[in-house]
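In this text, all values refer to a predicted model and were calculated from it rather than measured experimentally. Order of the sequence lines fixes the chain letters, A, B, ..., with proteins taken first and strands second; residue numbering starts at 1 for each chain.
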Amino acid sequence: MRYSQYLLSTLKETPADAEVVSHQLMMRAGMIRKVAAGIYSYLPLGLRSIRKVEQIVREEMNRAGAIELLMPMVVPAELWQESGRWEQYGKELLRIKDRKDSAFCLGPTHEEVITDIVRREVRSYRQLPLNLYQIQSKFRDEIRPRFGLMRGREFIMKDAYSFDVDEAGADVVYEKMYQAYRRIFERCGLRFRAVEADTGNIGGSSSHEFMVLADSGEDAIVSCDSCEYAANVEKAEVCDPQAEAPTPTQTLQKVATPARRTIEEVAEFLKARPEQLIKTLIVQTDAEETVAVLLRGDRELNDIKLCRLLGCNAVELASEELVKQVTGAPTGFAGPVGLKARVLADFEVRSMVDAITGANELDAHYTGVACGRDFAVEAFADLREAVAGDPCPRCSGKLEIWRGIEVGHVFKLGTKYSTALDASFLDAQGQEQVLFMGCYGIGIGRTVAAAIEQNHDANGIIFPMPLAPFQVIVTMVNPNDEPVNQAAVALYEELLELGIEVLLDDRDERPGSKFKDADLLGIPLRVTVGARGLKESSLELQERRSGQREMIPVAEVGAVVVERVRQALSA
RNA sequence: CGGAGCGUAGCGCAGCCUGGUAGCGCACCUGCCUUGGGAGCAGGGGGCCGGAGGUUCGAAUCCUCUCGCUCCGACCA
């Protein structure tokens with residue numbers, strides 16, 4: 001492609017609304033343009049990288065035995081009503097009506113549609129197992145889209161769905177897909193971790209997320225420093241310390257704590273450390289149940305763990321009025337002593353003595369509180385967020401914390417959707433059986449964005465070769481210099497012949513601008529064709545990542561470039 | 001949805017308080033000049049000042065209402 005004839009304009013300045021590097025650089029490099037909040041056009045350059053990821057995904061899906069199909073983006077409401085998710089899914093599901101006033105939604109995921117296909121097409125165990133996938137635009141009406149392609153409302157996703165005769169069969173595909181995912185992200189040149197994850201509202205029994213490691217990631221993950229254990233913090237288990245409660249040295253005593261509400265304020269006022277406080281959170285479930293949750297003062301509640309314990313879908317901190325109603329005091333003074341409510345506590349609280357808690361009255365706390373002596377707890381459980389240094393739940397190692405970008409997610413769905421949508425088959429005995437399902441997603445655009453998060457410097461993007469929109473850029477220093485122009489065009493044509501993806505920068509711009517643009521676009525290899533090199537019958541080859549330059553005889557450049565590209569693709 | 005902020009040329013911004021011909025830098029077009037790390041000079045095109053009402057002789061500027069966007073908290077590839 002000749003730059004002068006391509007649609008590609010770079011920005012010197014960073015658009016004001018781009019927060020993270022990948023968004024900034026994709027805008028500046030002319031890969032994407034925003035159409036509306038969380039909705040982007042992929043300009044030619046951006047689309048090339050997107051297609052690269054799609055191709056890798058396709059190859060690995062096919063290798064893993066999955067079969068490609070394509071489902072509609074607009075889905076009739078009936079299917080979603082049948083699965084129950086029309087009501088459950090919430091505002092993220094964009095609902096629309098057609099001219100006849102029939103209800104549809106834009107598919108945010110396709111369990112319903114695929115299950116509908118399979119229940120119609122599959123009658124016999126002989127047609128199984130089956131693993132189907134598509135690469136398609138999804139729409140989720142996110143409350144707050146941000147970070148460019150990292151969290152758009154419309155985004156390209158690869159989604160695969162597997163159907164098996166039994167759980168053992170489903171486990172086999174799951175493992176196959178897990179391995180395929182590893183290969184995909186390795187081929188994309190990404191540093192990532194596969195972690196145990198919560199299943200969220202997709203449902204199902206277990207799942208893993210594939211997290212690209214990046215400080216700008218929206219997720220926190222833990223991994224063990226000595227074994228293979230890794231998990232999203234949402235899911236990360238914290239062991240029961242099983243510590244013996246020490247003998248209390250203090251007795252219960254009410255103290256005045258005027259206007260001290262937060263853990264920090266109370267701790268400072270009473271000259272104690274946050275660890276000596278018992279944090280009492282009044283929470284309300286989506287089933288309108290109110291419970292008190294106790295945590296050590298310096299810990300954070302993991303609400304997914306709480307939901308699992310309570311068997312509900314969501315919890316939120318109680319409103320000011322509800323807190324007053326339950327504890328008899330404004331927020332900031334809640335405590336378990338004498339509290340008339342269901343009380344649950346994190347494991348750590350069991351051995352706390354000489355502790356400090358709210359006294360359920362304005363401007364007062366208790367000191368010398370001992371768990372078990374001064375208040376009773378209905379159940380102790382793992383309720384807190386894991387932190388760095390926590391013991392590994394699987395071995396004797398310690399947990400480390402990372403930030404990650406979720407680029408892929410694999411789920412074992414069990415029979416949730418097949419039961420709801422009555423997707424069954426006849427087994428060898430002629431008995432009707434329900435299908436076992438799995439589903440497997442990859443955010444295509446997010447993978448490109450994540451690659452940029454991991455691969456950039458002050459000058460711009462540094463694409464890994466497999467994702468680069470072009471493998472080589474040939475920069476002619478001065479297009480008005482005939483010999484230079486001819487040599488550059490000759491090399492460009494030679495590289496095209498050799499099957500290299502090459503961008504020829506033939507613009508009548510000053511060399512400095514062209515070099516800056518080449519760096520910004522992140523094309524892995526650059527060949528500079530200038531009078532200076534031609535004098536010695538050689539051209540300069542520069543590697544984007546290392547910045548290393550070398551002079552190569554004109555006649556050899558083609559072969560060298562082919563070799564470098566080949567190496568970089570197989571690395 | 002709650003809280004904060006912003007809408008002026010393709011991008012980044014000033015002007016608004018104190019109403020009076022709509023500006024700057026980048027980008028774009030023409031010409032000259034220049035050509036190994038975002039050159040210089042000269043000329044030029046481009047604006048419903050987000051939209052609708054209102055106040056006023058006169059509104060980008062003041063008032064009201066709207067719409068859009070961005071940022072901070074609960075969802076997800």
Under 4.0 angstrom, heavy atoms only, what part of the nucleic acid is T475(A) near: base, sugar-phosphate, or nothing?
nothing
Toward the 5' end of RNA chain B, which comes first, E406(A) or T528(A), by nearest nucleotide?
T528(A)
Can you check whether F470(A) and Y3(A) have ring centres sitting under 6.0 Å from each other?
no
Would you name the heavy atoms of L383(A) and L301(A) that are closest together and state the gap between them?
O-CD1, 3.5 Å
Return the orientation label for the F210(A) and F192(A) ring planes: parallel under 30°, perpendicular over 60°, tilted otherwise.
tilted
Using the P atom in both, what is the distance from rC24(B) to rC41(B), to the nearest Å?
15 Å
Rounding to an integer number of Å, can you tell me how far R507(A) CZ sits from rU34(B) P?
21 Å
Choosing from rC26(B), rC69(B), rA39(B), which nucleotide comes nearest the side chain of S513(A)?
rA39(B)
Pick the P atom in rG46(B) and in rA22(B), then give their distance to the nearest Å.
14 Å
Please determine if a side-chain N or O atom of R549(A) lies less than 4.0 Å away from the OP1 or OP2 oxygen of rG36(B).
no
Donor-acceptor under 3.5 Å (E265(A) side chain, T262(A) main chain):
yes
Pairing partner (Watson-Crick or G-U wobble, both distances under 3.5 angstrom) of rG40(B):
rC32(B)
For rC65(B), give its Watson-Crick or G-U wobble partner with both distances under 3.5 Å, or none.
rG51(B)
Taking 4.0 angstrom as the limit, do E509(A) and K516(A) come out as a salt bridge?
no
Ignoring the backbone of V477(A), work out which of rC76(B), rG36(B), rG38(B) is nearest its side chain.
rG36(B)
Is R153(A) side chain donor-acceptor paired with the rC76(B) base, going by distance under 3.5 Å alone?
no
Does a distance-only test, which skips hydrogens and angles, find a donor-acceptor pair under 3.5 Å between the side chain of R510(A) and the base of rU34(B)?
yes
It should be established whether K34(A) places a side-chain nitrogen or oxygen under 4.0 Å from OP1 or OP2 of nucleotide rU70(B).
yes
Quick check on RNA chain B: between A37(A) and F210(A), whose nearest nucleotide comes earlier from the 5' end?
A37(A)
Reckon G533(A) touches a base, only the sugar-phosphate, or nothing at all at heavy-atom distances under 4.0 Å?
base
Categorize Q136(A) for me: base, sugar-phosphate, or nothing, with a 4.0 angstrom heavy-atom threshold over every strand shown.
nothing
F155(A)-rA77(B) aromatic stacking (under 5.5 Å, under 30°):
yes
Whole-Å gap separating C1' (rC71(B)) and NE2 (H23(A)):
14 Å
Between D198(A) and K305(A), does at least one N-O distance fall below 4.0 Å, as a salt bridge requires?
no
To the nearest Å, give me how far apart CG (L521(A)) and P (rG37(B)) are.
18 Å
Is G443(A) touching bases, backbone alone, or none of the nucleic acid, heavy atoms closer than 4.0 Å?
base
If I take atom CG in residue L43(A) and atom P in nucleotide rG10(B), what distance separates them, rounded to the nearest angstrom?
16 Å
N/O donor-acceptor pair, side chain R140(A) with base rC75(B), under 3.5 angstrom:
no
Hey, is the main chain of Y40(A) close enough, under 3.5 Å, to the side chain of E154(A) for a donor-acceptor pair?
no
Taking atom C1' in both rG53(B) and rC6(B), what distance in whole Å separates the two?
22 Å
Quick one: which of rU34(B), rG36(B), rG12(B) gets closest to the side chain of N480(A)?
rU34(B)
Over how many whole Å does the gap from R151(A) atom CZ to rG73(B) atom C1' extend?
13 Å
In the structure shown, which nucleotide is the Watson-Crick or G-U wobble counterpart of rC24(B), with both distances under 3.5 Å?
rG12(B)
Give G530(A) one of three labels, base, sugar-phosphate or nothing, depending on what nucleic acid heavy atoms sit under 4.0 Å from its own.
base
With a 3.5 Å distance limit and no angle check, can you tell me whether R33(A) reaches the backbone of S41(A) through a side-chain donor-acceptor pair?
no
Length of the line joining D159(A):CG and rC76(B):P, which is rounded to integer Å
16 Å
Mate of rG58(B) where both pairing distances stay under 3.5 Å, Watson-Crick or G-U:
none
note: L317(A), atom CG; rG2(B), atom P; distance rounded to Å ~ 18 Å
Just checking D519(A): base, sugar-phosphate only, or nothing, at a heavy-atom cut-off of under 4.0 Å?
base
Select base, sugar-phosphate, or nothing to describe what R526(A) touches, counting heavy atoms under 4.0 Å on all strands.
base
Below 4.0 angstrom from OP1 or OP2 of rG38(B), is there any side-chain N or O of K514(A)?
no
Does a distance-only test, which skips hydrogens and angles, find a donor-acceptor pair under 3.5 Å between the side chain of R532(A) and the base of rG37(B)?
no
Can you find a donor-acceptor N/O pair under 3.5 angstrom joining the side chain of E540(A) to the base of rG36(B)?
yes
Within the modelled atom types, does a donor on one side and an acceptor on the other bring the side chain of R28(A) and the base of rG10(B) under 3.5 Å apart?
no
Check: rU34(B) base within 3.5 Å donor-acceptor of N478(A) side chain
no
Applying a 4.0 Å non-hydrogen cut-off, can you work out what D481(A) is touching in the nucleic acid: base, sugar-phosphate, or nothing?
nothing
Side chain of K12(A) only, heavy atoms from C-beta on: which candidate in rU35(B), rC13(B), rA27(B) is closest?
rA27(B)
Could you work out which one of rG38(B), rC76(B), rC11(B) sits closest to the side chain of E13(A)?
rC11(B)
Measure from the side-chain heavy atoms of E19(A) and tell me the nearest of rG37(B), rA27(B), rC71(B).
rC71(B)
Pairing check on rC71(B): which nucleotide meets the Watson-Crick or G-U wobble criteria with it, both distances under 3.5 Å?
rG3(B)
Select base, sugar-phosphate, or nothing to describe what G152(A) touches, counting heavy atoms under 4.0 Å on all strands.
base
Classify the nucleic acid contact of R146(A) as base, sugar-phosphate or nothing, counting any heavy atom under 4.0 Å across all strands shown.
sugar-phosphate
Shortest side-chain distance from A36(A), nucleotide among rC28(B), rC69(B), rC76(B)
rC69(B)
With under 30° as parallel and over 60° as perpendicular, where do the rings of Y178(A) and H208(A) fit, or are they tilted in between?
perpendicular
Rounded distance in Å - CD (Q542(A)) to P (rG37(B)):
12 Å
